[in-house]
Number of protein chains: 2
Amino acid sequence: MNAPVNARGRRANVMIGDPPSMTDLAAEALRGMILRGELAQGERVVENQLTGTLGVSRPPLREALRILQQEGLIEQLPRRGAVVRVLSLHDVYEIVTLRTTLETMAVRLAVPGTDPARLARLREALEIWEANAAAGREDLSTEDSARFHLALVGLAGHSRLEEAYRAIGLQLRMCMQLNRNARAGHESLTDRAARHRRMFERVESADVEAVLAELSDPASLSFVLTYAQDHPPTTAQSQAWLASLSQ
Amino acid sequence: MNAPVNARGRRANVMIGDPPSMTDLAAEALRGMILRGELAQGERVVENQLTGTLGVSRPPLREALRILQQEGLIEQLPRRGAVVRVLSLHDVYEIVTLRTTLETMAVRLAVPGTDPARLARLREALEIWEANAAAGREDLSTEDSARFHLALVGLAGHSRLEEAYRAIGLQLRMCMQLNRNARAGHESLTDRAARHRRMFERVESADVEAVLAELSDPASLSFVLTYAQDHPPTTAQSQAWLASLSQ
DNA sequence: TTACCTAACATTGTCTACAGAAGGCAATGT
DNA sequence: ACATTGCCTTCTGTAGACAATGTTAGGTAA
């Protein structure tokens, strides 16, 4: 058996990840701050302030901001700095529809014949989900859900698809963070856990259509209705979409 | 009528674009070098050499490289620099399948009722295509084709979809550049122009299924067979895909 | 002769500093 | 009292230099 080959193209029996660069660390920290809501939508992101907070100098921080922009979490205005992206209902429409398309593509590619190693990743994500749900960790549910769905998409063995899905997933978490406190009345944690387990079992039994049916469960879109209360539709598309969801 | 509002959020009767940053200029220049094949796949991209070539200092150049990485044109190896991405047949499989999914989604969203302004953009792209085809500018055909398809996707009014499609389109152009010289025997320039005009007319007549049928024309994938001659499939997926195309 | 070690070189990662632009504020004139 | 203009502060964009790491070539020993 071949020894694993790491990103450096070298064989290594003990795989040591590359030491993370300041850029990566800063990007990860910023992502967390945005997804946890510590940086609110529309809030200015001033470079010099963050250098103090994160203990990084400006060049790597600026590279991190570039990454966050590509991920759609911040918006950079030339010579006016960056702001945490403000997501309108039209943005939510875009995020949800694109996400559904990508996930559907992944399931169609992957589920017919699933690779065991990738399935193990999905199982692991499910177990984390269930453990945190059992512990009542409502605060981790969006993160855990994102991991599960990302692993689901990962089954397809399609790196570009997975990468696109990852970025969209971050933006979705950003919306859901905004509604975290307003989530009362929605689906319970245990219900959601059960839904994910059902989905996993249907993947195992290679029933493509059943998985897709599970994905289109309208319960997963209930947050949109809450979101729409504070963000009225500004485009015909998002308006029509909202109407179709409200039925 | 409201005065136009530029990116700075200010109203202006005479709109002046923001002065491009060195980062943007460097990114655009690098994109061109890769898409024209001046930087070959696998070639190292050394920062200090490019600062001389482009007349930019390293910080903006590094930010440009981050952008190119997100677009999938280069690959950055920690502490070992960047190389122009090498695209295997599996990569081509990923690019083409994802592209088809995105374009299909766009057509389904857009064609039923098309916005006149967006249609004008598509018409303009078509006219550029036809003008360059009439002039025998084979060298511009990939660029013109990319513009047309991007405008087609733009009909949907879905910025994230368009952005994802744009990035995938760049990677596709990168593959096709590699096969530019080996294109003899494929579809002629005038045939391709005619195909694009047919597609435009079908969009105008709002016939979704006809547009999709046009998009799935196997002639547009003929380059893959050439590509496969030098890049044998390395994954089961790409192998199966290639077989399905060869029929 | 070959394998390994070492040292010099090349290249990336990071920091500090400077220049230019944008926005706010105050002073002045109408 | 209000608008306008000029200045000042703050922030971004860019450059250049330093430090740390990876690579490679040359030398030495087995």
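- Take the nearest nucleotide of DNA chain C for B/Gln49 and for A/Thr23: the residue whose nucleotide is more 5' is B/Gln49.
- In this structure, CD of A/Glu63 is placed 16 Å from C1' of D/dT12, rounded to the nearest angstrom.
- Between A/Arg62 and D/dG13 there is a side-chain polar atom (N or O) within less than 4.0 angstrom of OP1 or OP2.
- B/Arg160 and A/Gln171 are linked by a side-chain donor-acceptor pair at a separation below 3.5 angstrom, with hydrogens and angles left out of the test.
- Nearer to the 5' terminus of DNA chain C, by closest-nucleotide assignment, is the contact made by B/Asn48 (compared with the other of B/Pro59 and B/Asn48).
- Atom CD of A/Glu47 is separated from atom C1' of C/dA21 by 14 Å (rounded to the nearest Å).
- Regarding contacts with the backbone of D/dT14, every side-chain N or O of B/Arg58 stays at 4.0 angstrom or more from both OP1 and OP2.
- Remark: C1' of D/dT9 and CZ of A/Arg80 are 17 Å apart, rounded to the nearest angstrom.
- Distance, A/Met22 CE to D/dA19 C1': 13 Å, rounded to whole Å.
- Less than 6.0 angstrom separates the ring centroid of B/Trp241 from the ring centroid of B/Tyr93.
- Nucleotide D/dT14 holds its C1' atom 16 Å from the CG atom of A/Leu61, rounded to whole Å.
- Of the candidates D/dT14, D/dT12, C/dG13, the closest approach to any side-chain atom of A/Arg44 belongs to D/dT12.
- Between B/Gln76 atom CD and D/dG22 atom P there is a gap of 16 Å when expressed in whole angstrom units.
- Side chain of A/Ser21, nearest nucleotide from D/dG22, D/dG13, C/dT14: C/dT14.
- Atom CZ of B/Arg79 and atom C1' of D/dA19 are 11 Å apart (whole Å).
- A donor-acceptor pair shorter than 3.5 Å can be found between the side chains of A/Thr235 and A/Ser238.
- The interatomic distance linking A/Leu77 (CG) with C/dA21 (P) rounds to 18 Å, in whole Å.
- Side-chain contact, A/Thr234 with A/His90: no donor N or O sits under 3.5 Å from an acceptor N or O.
- Counting only N and O atoms by type, the side chains of B/Ser21 and B/Asp24 include a donor and acceptor under 3.5 Å apart.
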